[in-house]
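Report on the following structure.
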Amino acid sequence: MKLVHLSDLHLGKRVCEFSMLEQQKYILDRIIDIVSEEKPDAVLIAGDIYDKPVPPAEAVELFDDFLVKLAERGTEVFAISGNHDSPERIAFGSRLMAPAGVHLSPVYGGEVTPFELKDGFGSVFVYMLPFVKPANVRRFFPDEDTESYDSALRTAVKHMDIDTSKRNVIIAHQFVTGAERCESESISVGGLDDVGADIFEPFDYAALGHIHGAQHILSEKIRYCGTPLKYSFSEVNHKKSVTIAELKEKGSLELRTVPLVPLNDMREIKGSYMEVTNRSAYTDENRNDFLHVTLTDEQDIPEAMGRLRAVYPNIMKLDYDNLRTRSGGAMNDLSEEKLKSPEELFSGFYEQCNNSPMTAEQSEYVSELIKELWG
């Protein structure tokens, strides 16, 4: 049984006010190419299909087109809602789409009915568990422990009545303790949304969503596939990919990844304004990448963002790293500064703000200005 594992598409997402729809359409087309080549038995989408509970129309159209292309290839599709999705909107039309092989998770109702797939080794049961909070589970099991995310998920899994002698796959969207997070993920203060990895022990493969970096937890069979695109600068070093899971006889699991190359990458570059804008610093292929630029010039460059966008049209973020920023602009108490001229006071103030003294030209300008103000 060959499975393609995806998650966290975040369709409709904006990063630093840049729409990612064009990038998402491109990468979904690359995923369709992979599906056409791999010919899997099923595609698993582990939540956060959209970036918002009420997604823009363009995002809905993009996902609709993606599902149609998958269905045209005769591939079974299993998709669940994540914490960014509206479970009711994801579930809409699911019974109509099921005959076409597109299975969307219903709103959690206390019971998770598995879908049965068959291959030469027998049956594989696929359980779709949408993102749940303790309150979602407590509603159906008021007499059981559902105080925390961990206990609630244990209760939900316990009531799935899993036959562990068979091959079982779960699609879930939760934060498993020990997973490495990124800035672009929703983080619960104090780790209140953590769940233990051992919850997924009854399953031969746990296709997880929610974490943006591809990784295993405890064993290969508990897997985050990561996002297909980079959605924050904390992900610049990620190698995005599609996870291919192959289940053979009971207990046999083979995993591999297929790289995903974006239309425009996300990168960080650092240097002086002259170094960053020098022709040797970029190529025609990467100048349209999404950039976080850090300038090392001691003096701020006037209208730096606009001037840099003439070279890098998709610059998202601009910072400075120099003596001033490294000192944090910390200022000492000047209340005890007495018997100093206005020029000396301003000079001291400037140096504490910028961690460097004024130039001779700046000192002369300030002196002339003070003379003019004081007559």
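These numbers were taken from a predicted model, which means no experiment stands behind them. Counting begins at 1 with the first residue of the sequence.
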Problem - Pi-cation contact, Tyr273 with Arg307 (under 6.0 Å, within 45°) - result: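 Judged by the rule (NZ or CZ under 6.0 Å from the ring centre, within 45° of its axis), Arg307 counts as positioned above Tyr273.
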Exercise for the section: Would you verify whether the NZ or CZ of Arg309 falls within 45 degrees of the ring axis of Tyr312 while also being under 6.0 Å from that six-membered ring's centre? Expected result: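 Relative to the ring axis of Tyr312, which defines the angle, Arg309 lies outside at least one limit.
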Problem - Minimum side-chain heavy-atom gap Asp85-Pro53 below 4.5 Å - result: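 SC-SC contact between Asp85 and Pro53 ruled out.
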Practice task
State, with a plain yes or no, whether a side-chain heavy atom of Phe115 is found less than 4.5 Å away from one of Met128.
Solution key: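 Side-chain contact under 4.5 Å: yes.
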When you measure from the side chain of [X] to the backbone N and O of [Y], does any donor-acceptor pair fall under 3.5 Å?
X      : Y      : value
Gln174 : Val195 : no
Ser105 : Ser81  : yes
Ser252 : Glu249 : no

Exercise for the section: Using the side-chain hydrogen bond (donor to acceptor under 3.5 Å, both in side chains) rule, take His212 and Glu235 through it: C-alpha gap first, then chi angles, then the decisive distance, then the call. Expected result: CA-CA 8 Å; His212 289 191; Glu235 301 176 45; 3.3 Å; yes
Handout entry: Test salt bridge (charged side-chain N to carboxylate O under 4.0 Å, His left out) applied to Glu144 and Arg138, Arg139, Lys158, the passing residue
Key =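 Testing each of Arg138, Arg139, Lys158 against Glu144, the sole residue satisfying salt bridge (charged side-chain N to carboxylate O under 4.0 Å, His left out) is Lys158.
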Exercise for the section: Take the angle between the ring planes of Tyr231 and His10 and call it parallel below 30°, perpendicular above 60°, tilted in between. Expected result: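 Tyr231 and His10: perpendicular rings.
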Handout entry: Distance-only side-chain donor-acceptor flag, Lys240 / Thr227, under 3.5 Å
Key =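 There is such a pair between these side chains.
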Practice task
Applying salt bridge (Lys or Arg N to Asp or Glu O under 4.0 Å), run through Lys2 and Asp119 and close with a yes or a no.
Solution key: CA-CA 10 Å; Lys2 184 187 285 189; Asp119 63 7; over 6 Å; no
Problem - Trace of the salt bridge (Lys or Arg N to Asp or Glu O under 4.0 Å) decision for Arg256 with Glu38 - result: CA-CA 12 Å; Arg256 56 189 170 87; Glu38 293 285 344; 2.6 Å; yes
Rounded to the nearest 0.5 Å, what separates atom [atom1] in [X] from atom [atom2] in [Y]?
X      : Y      : atom1 : atom2 : answer
Leu117 : Leu3   : CG    : CG    : 8.0 Å
Asn322 : Leu295 : CG    : CG    : 9.5 Å
Asp198 : Asp150 : CG    : CG    : 7.0 Å

When you look at [atom1] of [X], are more than 12 heavy atoms from neighbouring residues, nucleotides or ligands closer to it than 6.0 Å?
X      : atom1 : value
Lys250 : NZ    : yes
Met305 : CE    : yes
Glu303 : CD    : no
Glu364 : CD    : no

Practice task
Using a strict cut-off of less than 4.0 Å between a Lys/Arg side-chain nitrogen and an Asp/Glu carboxylate oxygen, indicate whether Asp300 and Arg324 qualify as a salt bridge.
Solution key: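 Looking at Arg324 together with Asp300, the answer is yes, because their closest N to O distance falls below 4.0 Å.
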Handout entry: Residues Lys166 and Asp204 bridged, charged N to O under 4.0 Å
Key =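 Result for this pair is no, no salt bridge flagged.
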Handout entry: Cluster link Val132 to Tyr224, ILVMFWY, side chain under 4.5 Å
Key =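 Same hydrophobic cluster.
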Practice task
Report yes or no: do Val102 and Val4 belong to one cluster of Ile/Leu/Val/Met/Phe/Trp/Tyr joined by side chain heavy-atom distances under 4.5 Å?
Solution key: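 Yes, Val102 and Val4 fall within the same hydrophobic cluster.
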Practice task
Apply the side-chain contact (heavy atoms from CB on, under 4.5 Å) test between Arg167 and each candidate in Tyr205, Phe121, Phe203; give the one that qualifies.
Solution key: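 With Arg167 as partner, Tyr205, Phe121, Phe203 yield a single side-chain contact (heavy atoms from CB on, under 4.5 Å), made by Phe121.
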